[in-house]
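A, B, ... follow the sequence lines: proteins, then strands. Residue 1 opens every chain. Just so it is clear, the values below take in all heavy atoms, side chains as well, and ignore hydrogens, waters and symmetry mates.
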2 protein chains.
Amino acid sequence: MRRPLIRKLEKFTRLSQADKEMLVRIAAQRVRRFAAREDIIHEGEKPEFINLINEGWACRYKTLEDGRRQIIAFFLPGDLCDLNVFILKEMDHSIGAITPVAVSEISRAAFDEMMIGHPRITQALWWESLVAAAIQREWTVNLGQRDALERMAHLLCELFIRLEAAGCTSDSSCEFPLTQTELGETLGMSTVHVNRTLQELRASNLIVLKDRTLTIPNLQALQDVALFNPNYLHLDREGRHLDANEE
Amino acid sequence: MRRPLIRKLEKFTRLSQADKEMLVRIAAQRVRRFAAREDIIHEGEKPEFINLINEGWACRYKTLEDGRRQIIAFFLPGDLCDLNVFILKEMDHSIGAITPVAVSEISRAAFDEMMIGHPRITQALWWESLVAAAIQREWTVNLGQRDALERMAHLLCELFIRLEAAGCTSDSSCEFPLTQTELGETLGMSTVHVNRTLQELRASNLIVLKDRTLTIPNLQALQDVALFNPNYLHLDREGRHLDANEE
DNA sequence: GCGGCGACCTTACCTATGTTAATGTCGGAC
DNA sequence: GTCCGACATTAACATAGGTAAGGTCGCCGC
């Protein structure tokens, strides 16, 4: 069985056996499953748990009064929703499943226990939440400055690299469940233009996207058209070059 | 002397006298001043402190290789830069002064001391960082879904309400130091279009903007054109209706 | 087997916003 | 007092991307 959270956190720091057991235990209790398109939590509800995505893809989204919808973030396997959300009185956005998902609910008590007894996990979770914030900032840059082609390319690079960190890719391919409508809601463009843009990336041999599978034959080339700089993902562990025996 | 941080945190919770003294003490040590346009910290540097803006406006920004610049967030008096940034190896963006600013540097040690001895402050700082994340999400929605007029109106509403929470407004006016170029870099539009959009808001009597002063004669009306919903700022304190004696 | 539906693709046309460039205004340096 | 730079404004024109409409295909329920 894959443990995407552990795999991801180890990009940041080494975890002890006890740390890993703790994380497995946390992820095992209170697992809920949702069908594709189902809401995990809805705007206005009181948040009671930290959600951890174990399997599948989910997203944050927000809907304006007049129906326009914006996808604000994607949650991939191993992603945590919001450390400490329970401080807030109510959700200001919704979280919905994109594919069928398995989610672990982490209670306030379990979270506090972890923070006290496992300083390395605490550090690693801080890191993961700082990275999540950095991703959100990069999306701001993406929407504000890049044109449609760059924007799409950037999103694909990011998702691919994040999936890789969670151990959800093989070679240069990954599952890719997003519809063109969802891509449009993410990138702030119409489905028509999403289609045009994907065609353009295909025509340049930058991507192969078919049957919910994405292949990126030359990631560097795609990064180049996206003006993609992976530094915001903070995946380079302190002293990583010393750990030749990994990956 | 104003204490915008204390004022803001009290929107979330009541602080004890000891809490307030702690915050004053923290804000007093290691104060640095920067001129307008100067960088407080630059992309690539190692973050060593949490920065607290005491006076003036600053911003996060990021520059693409080809020179395009996106302003990612504004820091107003009382805003903290990033809890726990020192976990990261290097900054993935820069923070620059917009006006002359006074910044308090909070060391890792001072931060830890506060976390241990002052649980209410800890809670309040968590709240402030969750709100900062919510603001970043709302900017994603803003750039993705709203058109130029809505986008500008939304930004103005947000800034005004945040300044109000920090005690930096009087009646329906506030200082407003942003140039049209900066507004463009924030909202992902050209300066020409920023100008057109401001003219339109002025013509509808939604704003008065002159000599670096912004007046919003009817905030509700501006919120209506922006499709602005203040819930993401989480300014309504638990049981606020019980505290009739405030504000 | 048929009707319906959702994902996807396509075309033709239209508009919000960008680009370029000229002009205006104001405050500071000398 | 004049020169200069920063900022604001305006106009004329260009284009990226939106809208509307329709078509194809595969899948599911009955």
What is the distance from CG of A/Leu149 to P of D/dG17, rounded to the nearest Å?
9 Å
Where the side chain of A/Arg37 is defined as all heavy atoms beyond and including C-beta, which of C/dA7, D/dG18, D/dT10 is the nearest nucleotide?
C/dA7
Should we count CD of A/Glu175 as having more than 12 external heavy atoms under 6.0 Å?
no
Pick base, sugar-phosphate or nothing for A/Thr179, based on heavy-atom distances below 4.0 Å to the nucleic acid.
sugar-phosphate
Show every donor-acceptor pair shorter than 3.5 Å between a side-chain atom in residues 31-38 of chain A and any protein atom, with sequence neighbours excluded, or say none if there are none.
{"unit_1": "A/Arg32", "atom_1": "NH1", "unit_2": "A/Glu105", "atom_2": "OE2", "d": "2.8"}
{"unit_1": "A/Glu38", "atom_1": "OE1", "unit_2": "A/Ala35", "atom_2": "N", "d": "2.7"}

With a cut-off of less than 4.0 Å, is there a side-chain N or O of B/Arg212 near OP1 or OP2 of D/dA8?
yes
Rounded to the nearest Å, what distance is computed from the CD atom of residue B/Gln145 to the P atom of nucleotide D/dG17?
15 Å
Using whole Å, report how far CD of B/Glu200 lies from P of D/dT9.
14 Å
Find which nucleotide of DNA chain D each of B/Gln199 and A/Gly188 is nearest to by heavy atoms, and output the residue with the more 5' nucleotide.
B/Gln199
Using the six-membered ring wherever Trp is involved, compare the ring planes of B/His154 and B/Phe228 and label them parallel, tilted or perpendicular (cut-offs 30° and 60°).
tilted
Any side-chain donor-acceptor pair under 3.5 Å between A/Gln70 and B/Thr140?
no
To the nearest Å, how far apart are A/Met189 CE and D/dT19 P?
13 Å
Taking only side-chain N and O atoms of B/Arg202, does any of them lie within less than 4.0 angstrom of OP1 or OP2 on D/dT9?
yes
Pair A/Asn142-A/Glu138, side-chain donor/acceptor within less than 3.5 Å:
no
Residue whose closest nucleotide on DNA chain D lies nearer the 5' end, A/His193 versus B/Gln180
B/Gln180
Nearest whole angstrom, please: distance from the P of D/dC7 to the CZ of B/Phe176.
14 Å
Selection from C/dA7, C/dT17, D/dT9 that lies nearest to any side-chain heavy atom of B/Arg196
C/dT17
D/dT10 C1' sits how many Å from B/Leu198 CG, rounded?
14 Å
Tell me, for nucleotides 21-27 of chain D in 5' to 3' order, what letter each nucleotide earns: B for a base near a protein heavy atom under 4.0 Å, S for only sugar-phosphate near one, - for neither?
-------
Using a cut-off of less than 4.0 Å, is there contact between a side-chain N or O of B/Asn195 and OP1 or OP2 of D/dA8?
no
Given atom CD of A/Glu185 and atom P of D/dG18, what is their separation to the nearest angstrom?
13 Å
Do A/Trp139 and B/Gln136 have a side chain donor and acceptor closer than 3.5 Å?
no
Testing the 3.5 Å rule here: is there a donor-acceptor pair between the side chains of B/Arg196 and B/His193?
yes
Could you check how far NZ of B/Lys210 sits from C1' of C/dT25, rounded to whole Å?
13 Å
